Novice: 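My structure is below; once you've seen it, I'll send some questions.
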There are 2 protein chains.
Amino acid sequence: MVPVTEQAGTSDGARPMRADARRNYEKIVAAAREVFAERGAEGSLDEIARRAGVGPGTLYRHFPTREDLIDELMRDWTSRVVADSDNAVAAGRPARETLVRWFDDLVRHLTLHRGAAAKLSAAMDDRSSPIFRKCQQLADANERVVRHLAETGELRRGVEPRHLMRLVAGVAVVADAAAVTDEEIAAMLGIVIDGVVLDPAPS
Amino acid sequence: MVPVTEQAGTSDGARPMRADARRNYEKIVAAAREVFAERGAEGSLDEIARRAGVGPGTLYRHFPTREDLIDELMRDWTSRVVADSDNAVAAGRPARETLVRWFDDLVRHLTLHRGAAAKLSAAMDDRSSPIFRKCQQLADANERVVRHLAETGELRRGVEPRHLMRLVAGVAVVADAAAVTDEEIAAMLGIVIDGVVLDPAPS
DNA sequence: ACCTGAACACCGTTCAAGT
DNA sequence: ACCTGAACACCGTTCAAGT
């Protein structure tokens, strides 16, 4: 099955862009990476166009909505996260250990840009969002990990992968606040893990 | 102990406002209630001033920041939530049942206005925020409930009230998405509760 | 002491005019 | 086919002028 629907990237199935368009496209993406890194996922689009050295109209031509731009920036790490989930399953570690690593991975990626977790979390329920597909990929990756662990009988019955995904997204959103430390994030995820793993907690 | 620091309300310790100022103040609050109910906590301040029939400067005179306005709107229910926490402790129910009620209360209030949970969650770490005090009140209420249950020995050791507060705030933030049902919220809170309560879950 | 409303800066979005 | 940049609407914020 060939992914015909993916488009607008740099080298996949779509009809190639004109040279100048392609150059602008890449300058916009680079500028967006900068601005989002500095200001978060709500950074000014004007500022991005300015730094890319293009008119605002050019940005809109390539990325009709802010989400389309975020979607492009998510490309890199979405596939990385999916790969991580495969490894998590393949490693065959105990449920608790597997979840600690997997959730930590997930939160780390979701908090790469401030505000991104909130956007992702909202798009999970919005089929019309340009990043819905990416959300699905993440949710699917999570579902594979959780279902795998459920099959080994190490999880409580009735645990829905979807609820775990949302919970972890919630942790990522509150983790966006500057004052939340890695230890606190780990502690919060620990509570969630204790809530779904069957074996009694070490402490 | 008299709460001397509370101000800007309608009838407490502060020097009374001039009649016209007072009228405007109340018109602004009423308009804000409307707009926030319709558009969430990021609703337009211009729109609020317009509906209140005052100039934008008047709104700024009474509420220098958006948070100050939110703070005023939170007045009602903050005290209600605190009272709920007192009842939760006094009722002396089993830990699981107590937490189910308490967390449900908390999330229900935090999601009253869209976007409010996110603001609250951010302000928890920001002493300079006008709503920091209210956040503290909520966090304190939660701490009383959790500490009480911890003393009865029904909770796992090492559970920090602060982490639970953040987790519940996270649930509230993701619950802001329209598509999240009450059942899903209950399920997510259920996982968190399973993560902190000692007795084996019914299922 | 309080209010008004004009003014400014900034942003998202559109579109006619260009090449 | 693609780009530019002016134009518009909207918003938050400030402040001089009024009463």
Side-chain angles (χ1 to χ4, degrees), chain A residues 7-10 14-32 34-36 38-73 114-115 119 122 128-131, chain B residues 7-10 14-32 34-36 38-73 114-115 119 122 128-131:
Chain A
Q7 89 296 44
T10 46
R15 159 161 74 345
M17 281 187 266
R18 226 167 62 176
D20 56 344
R22 183 169 173 69
R23 222 174 316 128
N24 280 334
Y25 185 95
E26 276 157 13
K27 284 195 291 184
I28 290 169
V29 171
E34 269 186 41
V35 172
F36 282 178
E38 293 170 18
R39 311 273 181 197
E42 301 287 4
S44 160
L45 298 181
D46 250 41
E47 173 77 19
I48 292 173
R50 227 175 301 134
R51 288 207 202 179
V54 304
T58 304
L59 192 156
Y60 272 82
R61 159 163 272 265
H62 288 297
F63 303 101
T65 73
R66 177 185 294 273
E67 269 71 27
D68 285 298
L69 191 45
I70 293 175
D71 186 67
E72 174 59 37
L73 298 195
R114 229 171 326 126
K119 284 237 168 286
S128 71
S129 166
I131 54 176
Chain B
Q7 90 296 42
T10 46
R15 157 160 75 348
M17 280 187 267
R18 227 169 62 178
D20 55 345
R22 183 169 173 70
R23 222 175 316 127
N24 280 335
Y25 185 95
E26 275 157 14
K27 284 195 292 185
I28 289 169
V29 171
E34 270 186 39
V35 171
F36 282 177
E38 293 170 18
R39 310 275 181 194
E42 302 287 5
S44 160
L45 298 180
D46 249 41
E47 174 77 19
I48 292 173
R50 225 176 301 134
R51 289 206 203 179
V54 303
T58 304
L59 192 157
Y60 273 81
R61 157 163 275 266
H62 288 296
F63 303 100
T65 74
R66 178 184 293 272
E67 270 71 26
D68 285 298
L69 191 45
I70 293 177
D71 186 67
E72 174 60 38
L73 298 195
R114 229 171 328 126
K119 283 237 170 288
S128 71
S129 166
I131 53 176

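The sequence lines fix the lettering, A, B, ..., with proteins before strands; numbering per chain opens at 1. Fair warning: this is a prediction, and the values are worked out from it, not measured in the lab.
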Novice: Would you mind telling me which of D:dC3, C:dC3, D:dT4 lies closest to the side-chain atoms of B:Asp20?
Specialist: C:dC3

Novice: Taking protein heavy atoms under 4.0 Å as touching, what does nucleotides 6-19 of chain C look like 5' to 3' if B marks base contact, S marks sugar-phosphate-only contact and - marks none?
Specialist: B----SBBBB----

Novice: Kindly give the heavy-atom pair with the smallest separation between A:Ile48 and A:Phe36, and that separation in Å.
Specialist: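 Answer, listing the atom of A:Ile48 first, then A:Phe36: CD1-CE2, 3.8 Å.
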
Novice: Do you know the tightest heavy-atom contact between A:Leu45 and A:Leu69?
Specialist: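 Distance-wise, the nearest heavy atoms are CD2-CD2, 4.2 Å.
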
Novice: Give the stems involving DNA chain C, where a stem is 3 or more consecutive Watson-Crick or G-U wobble pairs (i with j, i+1 with j-1, and so on) under 3.5 Å.
Specialist: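 DNA chain C forms these stems: C:4-8 with D:12-16, C:12-16 with D:4-8.
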
Novice: Return the set of residues passing salt bridge (charged side-chain N to carboxylate O under 4.0 Å, His left out) with A:Glu42 (not counting sequence neighbours), or none when no residue passes.
Specialist: A:Arg66, A:Lys119

Novice: Compare all side-chain heavy atoms of B:His62 with those of B:Met17 and state whether any distance is below 4.5 angstrom.
Specialist: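 Answer yes - side chains close enough.
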
Novice: When you look at CZ of B:Arg39, are more than 12 heavy atoms from neighbouring residues, nucleotides or ligands closer to it than 6.0 Å?
Specialist: no

Novice: B:Arg61 has an atom CZ; how far is it from atom C1' of C:dC3, in whole Å?
Specialist: 8 Å

Novice: Taking only N and O in the side chain of B:Asn24, is any of them less than 4.0 Å away from OP1 or OP2 of C:dC3?
Specialist: yes

Novice: Distance check needed: C:dA1 P versus B:His62 NE2, whole Å only.
Specialist: 14 Å

Novice: Can you name the nearest heavy-atom pair linking A:Gly115 to A:Ala41, along with the distance?
Specialist: C-CB, 3.9 Å

Novice: Could you please spell out the steps behind the side chain to side chain contact (heavy atoms under 4.5 Å, CB included) verdict for A:Val29 and A:Phe63?
Specialist: CA-CA 10 Å; A:Val29 171; A:Phe63 303 101; 3.9 Å; yes

Novice: So, taking the atom named CZ in A:Arg22 and the one named CG in A:Asn24, what distance separates them when rounded to the nearest 0.5 Å?
Specialist: 12.0 Å

